[in-house]
Amino acid sequence: MSDPASTVRLCHLYPGEMNIYADRGNIAVLARRLEWRGMRLEVTEAGLGACISPGDHDLYYLGGGQDRDQALVAEDMARTKGPALVSAVEDGAAMLAVCGGYQLAGRGYVGAGGAAMPGIGLLDAETVAGDTRLIGDVLIAATLDGATHEVVGFENHAGRTLLGPGATPLGTVIAGHGNDGESGAEGVVRLRAIGTYLHGPLLPKNPWVADTLLRWALAHRTGGEPTLAPLDDSLEDAARQVAAGRARGERSERLIGRRA
Ligand code: GLN
């Protein structure tokens with residue numbers, strides 16, 4: 001039996017279908033940041049047809065997918081996992097849902113061909129595909145647990161996501177498109193669940209987001225308020241600066257030169 005204070009139990013949802021744009025990289029970052037602190041990530045995969053029990057995991061991960069894969073997953077997830085995921089998050093588990101996963105964690109997604117895909121209703125967000133894709137580097141000011149940091153990523157989605165009136169966005173767009181290309185909002189946060197269009201993957205360049213998820217997951221595991229030992233994030237920070245500059249339209253050679 002693993003020591004609760006030093007093991008995070010992660011459930012990777014639909015790793016076969018929802019894994020475009022290197023979403024697995026996010027899980028590798030979570031595992032390494034725990035290892036560097038003498039802790040461990042225990043990964044369970046839950047694909048099509050698999051059922052989950054709300055108390056079994058501290059952190060859920062759902063990546064992005066193309067409309068075709070999403071349609072398969074949407075129906076399956078609503079049927080086999082939706083209520084368990086909602087109660088897990090309402091009981092304090094953490095979740096990261098990226099792009100297509102974000103859309104399906106919301107109320108639903110109408111894809112580019114007009115197909116209506118059910119969401120699990122965990123997040124108060126509704127998505128409809130537009131005529132164009134929203135693509136490019138993106139920079140946001142994100143707020144989690146009352147702290148605001150710049151977060152960078154790459155986005156590529158047809159979906160335009162509108163949040164319900166009471167929903168809290170993950171952040172405000174500094175450069176890029178975000179939820180719908182118009183509102184200035186990006187992503188959504190509910191309890192310890194984050195939905196976002198940022199990938200590339202998201203966590204390698206944004207260790208603050210990774211550590212927030214790990215802290216939340218450990219809080220769920222232990223019932224306490226864990227603190228994580230600080231790590232040397234100078235490489236991650238440099239990578240984020242370059243990506244942020246690119247999103248703002250600066251030339252990366254100049255940014256790298258300035259840091260040297
Ligand atoms: N198929 C969805 C869209 O185009 C999500 C894409 C993704 O996950 N990258 O909006």
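- Side chain to side chain, N179 and Y102 meet the donor-acceptor criterion of an N or O pair below 3.5 Å.
- By the 4.5 Å heavy-atom criterion applied to side chains, R221 and R9 are counted as neighbours.
- For E155 (side chain) and H177 (main-chain N/O), a donor-acceptor pair under 3.5 Å exists by modelled atom type.
- Side chain of R37 to backbone of A229: a donor-acceptor contact under 3.5 angstrom is found.
- A salt bridge links R107 with D124: the closest approach of a Lys/Arg side-chain nitrogen to an acidic carboxylate oxygen falls below 4.0 angstrom.
- Using the six-membered ring where Trp is involved, W208 and H149 have ring planes that are parallel, under 30° apart on the 30 and 60° scheme.
- Between D180 and T161 the shortest side-chain heavy-atom distance does not fall below 4.5 Å.
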What do the steps show when you test L122 against L85 for side chain to side chain contact (heavy atoms under 4.5 Å, CB included), and what is the final call? CA-CA 8 Å; L122 168 70; L85 285 170; 5.5 Å; no

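- Put simply, the side chain of L96 does not reach to within 4.5 Å of the side chain of L62, judged on heavy atoms.
- Aromatic ring orientation, Y197 versus H157: parallel (interplanar angle below 30°, classes split at 30° and 60°).
- With rounding to the nearest 0.5 angstrom, the NE2 atom of H12 is 11.0 Å from the CG atom of L41.
- In this structure, A78 and P83 approach most closely via the heavy-atom pair O-CD, 4.0 Å.
- The distance from atom CG of L163 to atom CG of L170, rounded to the nearest 0.5 Å, is 10.5 Å.
- Side-chain contact annotation: S234 with D237, donor-acceptor N/O pair under 3.5 Å absent.
- A donor-acceptor pair under 3.5 Å links the side-chain atoms of T222 to the main chain of G224, judged by distance alone.
- Atoms CD and OG1, from Q70 and T127 in turn, are 9.0 Å apart once rounded to the nearest 0.5 Å.
- Cluster annotation: L10 is connected to M39 through the hydrophobic network of ILVMFWY side chains, with a link wherever side-chain heavy atoms come within less than 4.5 Å.
- S53 approaches Y60 most closely through the heavy-atom pair O-OH, 4.0 Å.
- Side chain of N156 to backbone of I135: no donor-acceptor contact under 3.5 angstrom is found.
- Using a 4.5 Å heavy-atom threshold, the side chains of L59 and H220 count as separate.
- Scanning both residues, A247 and L139, for their nearest heavy atoms gives CB-CB, 3.9 Å.
- Atom OG1 of T80 sits about 7.5 Å away from atom CD1 of I52, to the nearest 0.5 Å.
- Note that the SG atom of C11 and the CE atom of M95 stand 9.0 Å from one another [nearest 0.5 Å].
- Clustering ILVMFWY residues whenever any of their side-chain heavy atoms sit less than 4.5 angstrom apart, transitively, puts Y61 in the very cluster that holds L198.
- Contact detail for V73 and L104: the closest heavy-atom pair is CG1-CD1, 3.9 Å.
- Between E90 and R190 there is a salt bridge, with a side-chain nitrogen of the basic residue lying less than 4.0 Å from a carboxylate oxygen of the acidic one.
- Hydrophobic clustering, with ILVMFWY side chains joined whenever heavy atoms are under 4.5 angstrom apart, keeps V138 apart from V152.
- Other residues, nucleotides and ligands place no more than 12 heavy atoms under 6.0 Å from the CZ atom of R68.
- A donor-acceptor contact under 3.5 angstrom links the side chains of Y14 and D76, judged on distance only.
- The existence of a salt bridge linking E236 and R240 is excluded, since no basic side-chain nitrogen approaches an acidic carboxylate oxygen closer than 4.0 Å.
- Of the possible polar contacts, none joining the R192 side chain to the A93 backbone as a donor-acceptor pair under 3.5 Å is found.
- Between the side chain of N26 and the main chain of L203, a donor-acceptor pair closer than 3.5 Å is present.
- Note: the hydrophobic cluster containing V98 does not contain L134 (ILVMFWY, side chain heavy atoms under 4.5 Å, direct or indirect links).
- Contact check for E42 versus V8: no side-chain heavy atoms found under the 4.5 Å cut-off.
- For Y109 and D67, the side-chain atoms include at least one donor-acceptor pair closer than 3.5 Å.
- The two residues D58 and A217 have their closest heavy-atom pair at CB-O, 3.5 Å.
- Across all their heavy atoms, G200 and F154 have their closest contact at CA-CB, 4.5 Å.
- R248 has its side chain within reach of I174: a pair of non-hydrogen atoms, C-beta onward, lies under 4.5 Å apart.
- Side-chain atoms of R160 and S183 include no donor-acceptor pair closer than 3.5 Å.
- A 4.5 Å side-chain heavy-atom check between R24 and N19 finds at least one atom pair inside the cut-off.
- Transitive grouping of hydrophobic side chains (ILVMFWY, heavy atoms separated by less than 4.5 Å) brings W216 and L228 into a common cluster.
- Side-chain contact annotation: E186 with T172, donor-acceptor N/O pair under 3.5 Å absent.
- The backbone N or O of G47 lies less than 3.5 Å from a partner atom in the side chain of K81, making a donor-acceptor pair.
- Between L34 and R40 there is no side-chain heavy-atom pair separated by less than 4.5 Å.
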So D233 and R33, side chain to side chain contact (heavy atoms under 4.5 Å, CB included) or not? Walk me through it. CA-CA 10 Å; D233 288 330; R33 295 186 75 77; 3.0 Å; yes

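- Between I140 atom CD1 and T143 atom OG1 the span is 8.5 Å, to the nearest 0.5 Å.
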